[in-house]
Amino acid sequence: MERDGQLESIWQSEIKHYGQAQTDVTPNKEVVIVGAGITGITCALMLQKKGINSILVEANNMGFGTSGGTTAHLNTFFDTPYFQVIKDFGLESAKLLANGAMEVHDIIKDNINTYQIYCDYSTRPGYLFSLDESQDEELEQILEGHRQVGLDTFEVDNNPFGIPSVRVVEIPNQAQFHPLKYLRILLKEFINLGGLFLEDCRVTSVDKEGDDIVATTTKGNIISKHLVYATHIPPGRNIMHFRNAPYRSYVMAVKLRSGNYPEALGYDMFEPYHYYRTHNIDGEDYLIAGGEDHKTGDVDNTTDSFERLESYLGMHFDIESIAYRWSSQFYEPADGLPYIGHLPGSPDNVYCATGYSGNGMIFGTLAAKTISDIISTGSSDYQDLFSPSRVKPMAGLNNIITEAGSVIKHMVVDKLAVSKIVSLAELKNDQGKVVKYEGDTLAVYKDAGGVSHILQSDCTHLYCTVNWNQAEKSWDCPCHGSRFDINGDVLNAPAVKKLKNISELL
Ligand code: FES
């Protein structure tokens, strides 16, 4: 099974390939769902179960994006804490959000029971812990938020991960699973119910023709009544790119000399925070820990992020070996809550789901529930809370202004800051760099064998200059998070066109 980077996540090692894709048909269906991650697969199954014939279209393979790189924490609390949601959206909205989290846990448990899914699901307590006084002030606010929305949370004496803490609180009944084992069976059930799944099929544009939606794909046109972008961020040019900022997070699965792998989920309160859980794969226990998040395309050397994570973990754990390391992308919404529903500026009946922060498994499932309800019944309990058209100026304005400034900087300043080289021989093996070469600005990666892979450096979305990601061997765009492999092929939307490969022209 492939992922959107060269590093292998712990989940991929167990599931190599799904292998049941139907790849040569482009029929008319009631709903087209774009993207086979947790949002798309769950939504497709929910619709098919209701008798609404759907086709799931995936540009690569199941779990290629963040669903294959998540750490799959299933929480009833979120990166945007309830106290903040109460402040920005009101208590009733925060309670509705808490209710949504509980509903998602029930949906996932019901799927696991109904379809007998062996996905290592386990209910575990979650622990939030403060490591200094300022973190503790926020923890106090979090406790109050949990109290107001009715989420059980209580103080305990010990941090199960052994990290010395100022205060530790436990939130019972959190959970975890193996995301790809879970999704593989949901996808199989969708196909069993008559749903169609097209792999290696990229949707390049969407238009309205009369009452129909016409999706142009690399395998022909598909006509439908509804279309759902379950692509993490909707592709093309739309307002969602001004309301979401792309980030990357770094993860390691490590063996510990202590042999102590607590059955718990844990989170400190740094900004960005570190997150912890354990998992047993093939009889081997691992501590899976992550953090060191940064804006996509915004650091000079992504391998440094792994080094920082390793060194931080080394302060608290006696690490015997590092079995896996990988990074993954997520989107931070401007006002703290995801955007789920009709995509503004698009034809009616075109939907998006984005801005999940670090809570993709819960929000992906909640998005599937929300959108499938809107399509099947005309409404959803969550449609107003998550509406992509909502305007929350006080909650999101500062973030929107900051992100807009960052995009402008990347559009203008990055192009002026490119270093000049006179010969490709100036690049070392296994080095990637944006360079000025004979008057052109190029994205050049010289591989370990000394072969240069040369691309145009302007992102095909809105022409920002891409930046090299050494850890994942990809070209990442700092403006809206598009990513490309060393041949220029798209790894992540919103871009839908590859970077022009000009190796052969030089
Ligand atoms: Fe928008 Fe690159 S992702 S310009």
Side-chain angles (χ1 to χ4, degrees), residues 4-5 34-35 59-60 64-66 202-206 229-249 293-300 302 327-334 339 343-346 352-356 388 399-418 432-435 440-445 454-469 472-502:
D4 59 3
V34 188
N60 297 283
F64 182 84
T66 302
R202 184 172 295 281
V203 172
T204 53
S205 66
V206 168
Y229 280 125
T231 50
H232 210 179
I233 189 85
R237 298 166 187 178
N238 56 71
I239 196 169
M240 286 299 98
H241 306 129
F242 298 104
R243 297 195 176 163
N244 293 278
Y247 281 78
R248 296 199 67 77
S249 193
D293 310 352
H294 64 75
K295 281 279 304 291
T296 299
D298 217 19
V299 298
D300 286 339
T302 51
S327 64
S328 203
Q329 187 135 314
F330 64 99
Y331 287 85
E332 285 290 358
Y339 300 97
L343 175 61
S346 69
C352 68
T354 187
Y356 295 166
N399 290 336
I400 289 172
I401 290 170
T402 304
E403 290 306 328
S406 162
V407 168
I408 289 166
K409 170 196 163 278
H410 287 301
M411 280 179 162
V412 179
V413 179
D414 288 3
K415 292 190 190 304
L416 302 176
V418 175
K433 207 168 181 187
V434 175
V435 295
D440 288 317
T441 305
L442 307 171
V444 185
Y445 170 59
I454 307 169
L455 306 168
Q456 277 198 335
S457 60
D458 285 351
C459 173
T460 56
H461 178 232
L462 283 172
Y463 313 115
C464 289
T465 302
V466 294
N467 200 3
W468 178 241
N469 179 339
E472 295 285 8
K473 303 281 189 279
S474 61
W475 293 103
D476 298 358
C477 181
C479 285
H480 313 104
S482 292
R483 297 177 57 244
F484 307 84
D485 69 14
I486 60 169
N487 299 312
D489 288 322
V490 177
L491 294 171
N492 293 150
V496 292
K497 278 196 208 151
K498 61 185 291 182
L499 293 179
K500 192 166 176 196
N501 190 328
I502 52 175

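Sequence positions, counted from 1, serve as the residue numbers for this chain. Whatever order the structure lists them in is the order used to number ligands and atoms, beginning at 1. Computed from a predicted model, the values in this text were never measured in an experiment.
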Whether Cys479 has an N, O or S atom under 2.8 Å from atom 1 (Fe) of ligand 1: no
Shortest non-hydrogen contact from Val490 toward Arg202: O-NH2, 3.2 Å
Short side-chain donor-acceptor distance under 3.5 Å, Thr296 and Asp476: no
Identify, by atom number and element, the atoms of ligand 1 in contact range of [X], meaning under 4.0 Å from any of its heavy atoms.
X      : result
Cys459 : 2 (Fe), 3 (S), 4 (S)
Cys464 : 4 (S)
Tyr463 : 4 (S)
Leu462 : 1 (Fe), 4 (S)
Cys477 : 2 (Fe), 3 (S), 4 (S)
His461 : 1 (Fe), 2 (Fe), 3 (S), 4 (S)
Ser482 : 3 (S)

Pair Ser482-Asn492, side chain to side chain contact (heavy atoms under 4.5 Å, CB included): steps then yes or no: CA-CA 5 Å; Ser482 292; Asn492 293 150; 5.8 Å; no
His480 and Phe242 aromatic ring geometry - parallel, tilted or perpendicular at 30°/60° bounds: perpendicular
His480: its N/O/S atom lying closest to atom 1 (Fe) of ligand 1 (atom name): ND1
Pairing residues for Thr231 by the side-chain hydrogen bond (donor to acceptor under 3.5 Å, both in side chains) criterion, not counting sequence neighbours: none
Residue list, side-chain hydrogen bond (donor to acceptor under 3.5 Å, both in side chains) with Ser327, at least two apart or on another chain: Arg248, Glu472
SG atoms of Cys459 and Cys479 less than 2.5 angstrom apart: no
